[in-house]
Amino acid sequence: MRLTRYFLPVLKENPADAQIVSHRFMLRAGMIKQQAAGIYSWLPLGLRVLRRIEAIVNEEQERAGHIPLLMPTLQPADLWRESGRYGDYGEEMLRIKDRQGRDLLYGPTNEEMITDIFRAHVTSYKDLPLTLYHIQWKFRDEMRPRFGVMRGREFLMKDGYNFDIDRAAALHAYNRHMVSYLRSYERMGLTAIPMRAASGPIGGDNTHEFLVLAATGESEVFFDSAVTELKLGARDVDYDDRTQVAKICEEFTTLYARTDETHDAALFDAIPEERRKVARGIEVGQIFYFGTKYSDSMGATVVTPDGSKAPVEMGSHGIGVSRLLGAIIEASHDDKGIIWPEGVTPFPVGIVNLKQGDAGTDAACEGLYKALAAKGLEALYDDRDERAGAKFATMDLIGLPWRITVGPRGLANGVVEVTSRRTGVSEEMTAEAAVAKIVAIYEGV
Ligand code: P5A
């Protein structure tokens, strides 16, 4: 993408109403625009990151054997009357009437609708196990929408729902979600710690939240610091292997890690003092096992191997896709701007032309741009007629992890400069070597 042809409405000034760094940088980098309290337009740069996060989530869900579908944002109230949640959900639910006077709502979550789909089409245990998911906009009329996309009213969620024959199979689905979530967050450059939590309006008594530690987080968390060292890494996971998947979950959930809702002071005090941590965290996902809460009330039964009928066992599992942008920025920035991890960056690399209009630098930049494109990497080429300082400031603000700088002096020596946004370290090399370096970096991403 050439910057002169792009739409990147960068702001020079700090927006007055943005209290936390991620919100500030998202506005300044021209990623989002607020349209109403907690409701945002996604401008091109923000949309690119959102799509990257969605792609990672999709890949890891499909790897775990979960099947994508797409449900609507608007739902009939009658489904929620069946489960009993229409009354319970309260002020957070946005209720709408259509021209016929029928009650609709903008879905805050989809347990009822997916149970309705299941009961319409599945009648036998032979069609189980089944996990369906989608990535769809939700609406919750939050009392205090704030911190930009972090606590929005309209927000993008990945929500998945498992249907299983018995409790053991449903717990395996719960574990599969835990592992696939750990892998997703790691690919986004995040450490998200599963913490025992409370289930709230979704229900059930088995639930974990995934928390990214950050001073601006809304949740108070208590944990053994050793839990922050755990990494899933590149290990091979067979998602059908119940024992292997359960072992990984055990590894990640045995050390003490809880939100304030489930905190147990006595257990916490048993941790060696130097490892006892109280901090704040951003909840980027939550998984629930709730058994037959919805299948009972909505009549979603299956014929079991002995010929009897039983309500299907269920759980639901959510990732805060739009919130993740904020969480990643909170975890990865400096005072100049965002530092995107390679896994989610809107563009893999930026090209800065220090002397736009100079035949030599223009040709070298074009050459780099095309060579990267030929390798499947779309660079953001700053081809504006601007001072070097302004170009660097924009690149630093929008946070591309790598920058290639092309100037007449370097070219005279046959080199360009490759700079890491994270370390600030620059290296001189030929244009061919620069392309090879960037290609190699993104090979494993
Ligand atoms: C699980 C999937 C559920 O709704 N039903 C379907 C279950 N869980 S949850 O914890 O309530 O939400 C899942 C994740 O969505 C994000 N989230 C939000 N993101 C931005 N703004 C909000 N107002 C908001 N509310 C929830 C969180 O990341 C949460 O973990």
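Every number for a ligand or one of its atoms is a count from 1 in the order of the listing.
Enumerated by chain and number, the residues approaching ligand 1 to less than 4.0 Å through a heavy atom are T109, E111, R140, E142, V149, M150, R151, G152, F155, M157, D159, Y161, I202, E283, V284, G285, Q286, F288, S316, H317, G318, G320, R323.
Taking the six-membered ring for Trp, Y185 and F210 have ring centres closer than 6.0 Å. For H177 and H66, the distance between ring centers is under 6.0 angstrom.
A cation-pi contact, defined as under 6.0 Å to the ring centre and within 45° of the axis, links R81 to Y86.
A side chain to side chain contact (heavy atoms under 4.5 Å, CB included) with K138 holds for exactly one of L156, T73, V321, D159; it is D159.
Listed by chain and residue number, nothing satisfies the side chain to side chain donor-acceptor pair (under 3.5 Å) test with R24 (two or more places apart in sequence, or in another chain).
Of the possible polar contacts, one joining the K391 side chain to the R384 backbone as a donor-acceptor pair under 3.5 Å is found.
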